[in-house]
Amino acid sequence: MANEIRVRFAPSPTGFVHVGSLRTALYNYLYAKKVGGKFILRIEDTDQNRFVEGAIENLINTIKMAGFDYDEGPEIGGNYGPYYQSERTQLYQKYAEELIANDKAYYCFCTQEELSKMKEENKESDFYGYNGKCRNLTSEEVQKKLDNNVPHVIRLKLPLDGEITFYDVVREKVTFPWNMIDDQVLIKSDGFPTYHLANVVDDHLMEISHVIRGEEWLSSTPKHLFLYEAFGWKPPKMVHLPLLLNPDRTKLSKRQGDVAVEDFIKKGYLPETLVNFVALLGWHAKNDREIYTLKELEKAFSIKRITKAGAVFDITKLDWMNGQYIRSLDLKYIAETSKKYFLEMNINISDEKKYRNVIKFARERVSRLNQIVEESIMFYQELIFPDEDLPIIKSESAKRVFSFWAKELSMQEKWNDKEINNLVNRTQQEIGVKGKDLYLPLRLALYGKSHGPDMPTLIGILGKEESIKRFKKLI
RNA sequence: GUCCCGUUCGUCUAGUGGUUAGGACUCAGGAUUUUCAUUCCUGCAACAGGAGUUCAAUUCUCCUACGGGAUGCCA
């Protein structure tokens with residue numbers, strides 16, 4: 001199957017999954033689904049200095065939670081493994097040596113000190129990169145240093161002049177002059193490969209057909225293409241996605257708010273929302289539709305309709321969309337995923353029926369799951385009345401209303417919504433209290449706030465007994 | 001600094017060589033609701049600037065401006 005579409009999401013495990021990464025993963029996944037190709041997960045753990053405990057598990061969990069089932073990768077394996085780059089190190093070494101043999105790469109013995117000094121000197125010129133000091137060492141010089149175990153790296157030997165033009169699916173024709181591109185390190189002094197080498201080698205070996213990644217990679221694409229050429233490999237199609245931006249239009253970063261998927265989840269955003277929202281940041285169908293399930297996105301997605309310009313991650317719209325999902329998704333699911341917020345507050349929600357009614361009510365008023373608790377805590381706790389409302393519930397007429405309701409409620413076993421509304425009307429007739437003087441005290445007595453649900457909803461959730469109790473307390 | 005990429009309402013975007021430039025979020029006003037929230041309706045608001053091509057340019061070309069990315073033995 002030489003023409004099979006194979007795409008990959010290749011994150012490095014740095015501790016959390018950036019929403020930008022989530023989108024990259026999503027687009028890869030969607031493209032694979034759309035064209036019936038394969039979606040591969042590959043872990044790029046080649047930087048020993050950035051190892052973070054538990055990061056890989058976290059990453060895999062996030063991908064699964066989002067619903068991006070991968071065809072090959074960690075845990076499930078596949079025919080192109082291993083899928084951890086740290087388990088493939090010998091491979092990269094071998095390919096690097098092949099490059100050296102073909103004069104496409106060279107050993108470099110420059111020390112960190114030399115490099116930083118060089119950098120200082122470069123400040124004057126237009127080019128900030130490596131000065132090519134070790135480019136032309138004789139094979140004898142090189143051998144001698146190697147024999148003496150002088151620490152070294154392997155660098156790419158790029159053309160000194162001319163230019164490279166390639167076609168990006170999103171950006172079309174892109175041209176770079178070679179003399180602006182650095183002789184990139186391919187193998188670090190610790191023997192591990194850098195992204196550039198590992199990525200190209202693995203993408204080729206795994207027969208990746210399309211590289212779909214963030215725009216920050218566009219400027220290193222010439223290096224990658226040079227490598228494909230040097231190895232005599234056919235390069236994959238390049239697809240560079242527009243960046244996700246902070247409100248000030250810089251690259252979306254932690255400094256200006258949440259960027260980790262898990263942070264959003266903690267705050268009560270649903271995975272469904274995140275996926276839907278992020279899908280629309282850089283891609284849009286021809287129509288006006290905005291709400292999509294993952295399955296629907298799989299059908300609608302098209303690589304051709306990816307946009308070119310960076311997109312600001314607008315929390316306000318995210319909130320709106322999350323509210324849409326909270327209201328429209330299955331009640332059971334919302335109830336279930338909201339549980340943890342109640343348990344965190346030590347609220348006893350063991351009464352399943354009451355809890356379900358609470359969720360049914362509260363989901364209409366929130367944009368994030370964690371806000372559900374604030375909206376409904378008064379159903380589970382002793383009420384605390386705001387000072388400014390105290391005169392209202394202490395008034396003579398309010399007390400008459402409470403007595404009336406406590407008495408009336410207890411006279412009948414079960415109450416439906418209509419009967420409660422009737423009771424409101426009867427209160428007006430029999431006690432003579434109406435309008436604000438009636439509704440405010442009633443809601444306050446049962447809910448503790450002057451704004452909120454109507455009487456049938458309130459009593460429906462609290463139940464007859466609890467309602468009577470709350471009234472009697474204020475008589 | 002240099003190289004590369006980008007630019008339609010504040011934000012996400014649709015769209016076209018001739019359109020009243022459409023939708024969504026936000027905001028404002030209204031309707032529904034005893035109130036709040038939800039929901040619905042209405043409204044405000046954009047083609048970065050200049051030159052060229054053309055009968056005609058928001059749309060094509062070039063320049064400028066602005067924004068962003070890259071410039072690591074990070075990915």
On the nucleotide B:A75, are OP1 or OP2 found under 4.0 Å from the side-chain N or O atoms that A:Thr46 carries?
yes
Using whole Å, report how far CD1 of A:Ile392 lies from C1' of B:U35.
12 Å
What do you reckon, are the aromatic ring centroids of A:Phe313 and A:Phe277 less than 6.0 Å apart?
yes
What interatomic distance, in whole Å, is found between C1' of B:C47 and the corresponding atom of B:U8?
4 Å
From the options B:G72, B:U35, B:C25, select the nucleotide whose nearest atom is closest to the side chain of A:Thr316.
B:C25
Answer yes or no: side-chain N or O of A:Arg443 and base N or O of B:U35 forming a donor-acceptor pair under 3.5 Å.
yes
Is there a Watson-Crick or G-U wobble partner for B:A57 with both distances under 3.5 Å, and which nucleotide is it?
none
Can you tell me if A:Gln184 touches the phosphate of B:A75, counting only side-chain N or O atoms and a distance under 4.0 Å to OP1 or OP2?
no
A:Ser220 near the nucleic acid: base, sugar-phosphate alone, or nothing, with a heavy-atom cut-off under 4.0 Å?
nothing
Taking pairing as Watson-Crick or G-U wobble with both contacts under 3.5 Å, can you name the mate of B:A37, or confirm there isn't one?
none
Over all strands shown, is A:Val153 touching base, sugar-phosphate only, or nothing at heavy-atom distances under 4.0 angstrom?
base
What integer distance in Å separates A:Arg327:CZ from B:U39:C1'?
10 Å
Write down the distance separating the C1' atoms in B:A65 and B:G49, rounded off to the nearest Å.
7 Å
Kindly point out which of B:C12, B:C5, B:A75 is positioned nearest to the side chain of A:Val174?
B:C5
Counting only side-chain nitrogens and oxygens, does A:Arg249 get under 4.0 Å of the OP1 or OP2 atom of B:C12?
yes
Mind checking A:Lys286 for me? I need base, sugar-phosphate or nothing, with any heavy atom below 4.0 Å counting as a touch.
sugar-phosphate
Whole angstroms only, please: what is the CG-P distance between A:Leu218 and B:C3?
16 Å
Could A:Lys119 and A:Tyr130 be counted as a cation-pi pair, given that NZ or CZ must be under 6.0 Å from the ring centre and within 45° of the axis?
no
When rounded to the nearest Å, what value does the distance between C1' atoms of B:G1 and B:C44 take?
44 Å
Looking only at the side chain of A:Trp320 (C-beta and beyond, no hydrogens), which of the listed nucleotides B:G1, B:C12, B:U26 gets closest?
B:U26
Separation of atom CD in A:Gln256 from atom P in B:G68, rounded to whole Å:
11 Å
5′-ward residue of the pair A:Ser189/A:Leu243 relative to RNA chain B:
A:Leu243
Can you confirm whether A:Lys237 is buried at NZ, in the sense that more than 12 heavy atoms of other residues, nucleotides or ligands lie under 6.0 Å from that atom?
no
Hey, does A:Gly282 reach any base, or is it just sugar-phosphate, or nothing, if we go heavy atoms under 4.0 Å?
sugar-phosphate
Under 4.0 angstrom, heavy atoms only, what part of the nucleic acid is A:Glu375 near: base, sugar-phosphate, or nothing?
nothing
Does B:G72 have OP1 or OP2 sitting under 4.0 Å from an N or O in the side chain of A:Lys119?
yes
Provide the distance between the two C1' atoms, one in B:C63 and one in B:G69, to the nearest whole Å.
23 Å
Categorize A:Leu115 for me: base, sugar-phosphate, or nothing, with a 4.0 angstrom heavy-atom threshold over every strand shown.
base
May I ask you to say what A:Pro453 touches in the nucleic acid, namely base, sugar-phosphate or nothing, with a heavy-atom cut-off under 4.0 Å?
base
Length of the line joining A:Leu318:CG and B:U26:C1', which is rounded to integer Å
14 Å
For the pair made of CZ in A:Arg171 and C1' in B:C3, what is the distance, rounded to whole Å?
15 Å
Using Watson-Crick or G-U wobble geometry with both distances under 3.5 Å, which nucleotide pairs with B:U2?
B:A70
In terms of side-chain heavy atoms of A:Arg305, which of B:G6, B:A14, B:U11 is nearest?
B:A14
Do the side-chain N or O atoms of A:Lys449 get closer than 4.0 angstrom to the phosphate oxygens (OP1, OP2) of B:U35?
no
Is the phosphate of B:G1, meaning OP1 or OP2, less than 4.0 Å from a side-chain N or O of A:Ser125?
no
Roughly how many Å apart are B:C62 and B:U54, using the C1' atom of each and rounding to a whole number?
16 Å
Can you tell me the base-pairing partner of B:A65? Count Watson-Crick or G-U wobble geometry only, both distances below 3.5 Å, and say none if there is no partner.
B:U7
Span that lies between the C1' atom of B:G17 and that of B:G52, in whole angstrom
15 Å
Under 4.0 Å between a Lys/Arg side-chain N and an Asp/Glu carboxylate O for A:Arg426 and A:Glu408?
yes
Is NZ or CZ of A:Arg400 both nearer than 6.0 Å to the six-membered ring centre of A:Phe404 and within 45° of the ring axis?
no
Can you tell me how far C1' of B:U8 sits from NZ of A:Lys308, to the nearest Å?
15 Å
Please give the distance between the P atoms of B:C60 and B:G23 as a whole number of Å.
23 Å
Where the side chain of A:Glu290 is defined as all heavy atoms beyond and including C-beta, which of B:G23, B:C25, B:U7 is the nearest nucleotide?
B:G23
For a quick check of understanding: with a heavy-atom distance under 4.0 Å over all strands, which category does A:Gln85 fall into, base, sugar-phosphate or nothing?
nothing
Any base atoms under 4.0 Å from A:Arg213, or only sugar-phosphate, or nothing? Heavy atoms, all strands.
nothing
Would you check if A:Glu272 and A:Gln324 make a side-chain contact, meaning some heavy-atom pair closer than 4.5 Å?
no
5′-ward residue of the pair A:Lys317/A:Val185 relative to RNA chain B
A:Lys317
Using a cut-off of 4.0 Å on non-hydrogen atoms, how would the nucleic acid contact of A:Ser450 be classed: base, sugar-phosphate, or nothing?
base
Starting at CD1 of A:Ile181 and ending at P of B:U2, how long is that distance when rounded to a whole Å?
17 Å
Looking only at side-chain atoms of A:Met180, point me to the closest of B:G23, B:U38, B:U2.
B:U2
Look at A:Glu98 together with A:Lys104 and state whether they make a salt bridge at an N to O cut-off of under 4.0 Å.
no
Which base sits across from B:G17 as a Watson-Crick or G-U pair, both distances under 3.5 Å?
none
Hey, would you say the A:Tyr27 and A:Phe301 ring centroids sit under 6.0 Å apart?
yes
So do the side chains of A:Asn246 and A:Ser253 get within less than 4.5 Å of each other, counting heavy atoms only?
yes
Using a cut-off of 4.0 Å on non-hydrogen atoms, how would the nucleic acid contact of A:Phe176 be classed: base, sugar-phosphate, or nothing?
sugar-phosphate
Got a salt bridge between A:Asp183 and A:Lys157, using NZ or NE/NH1/NH2 to carboxylate O under 4.0 Å?
no
Determine the Euclidean distance between corresponding P atoms of B:U26 and B:A48; express it in Å to zero decimal places.
26 Å
Contact class for A:Thr250 vs. all strands (heavy atom < 4.0 Å): base, sugar-phosphate, or nothing?
sugar-phosphate
Base, sugar-phosphate alone, or nothing: which one does A:Lys223 contact when heavy atoms must sit under 4.0 Å apart?
nothing
With a non-hydrogen cut-off below 4.0 angstrom, is A:Asn179 in contact with a base, only sugar-phosphate, or nothing?
nothing
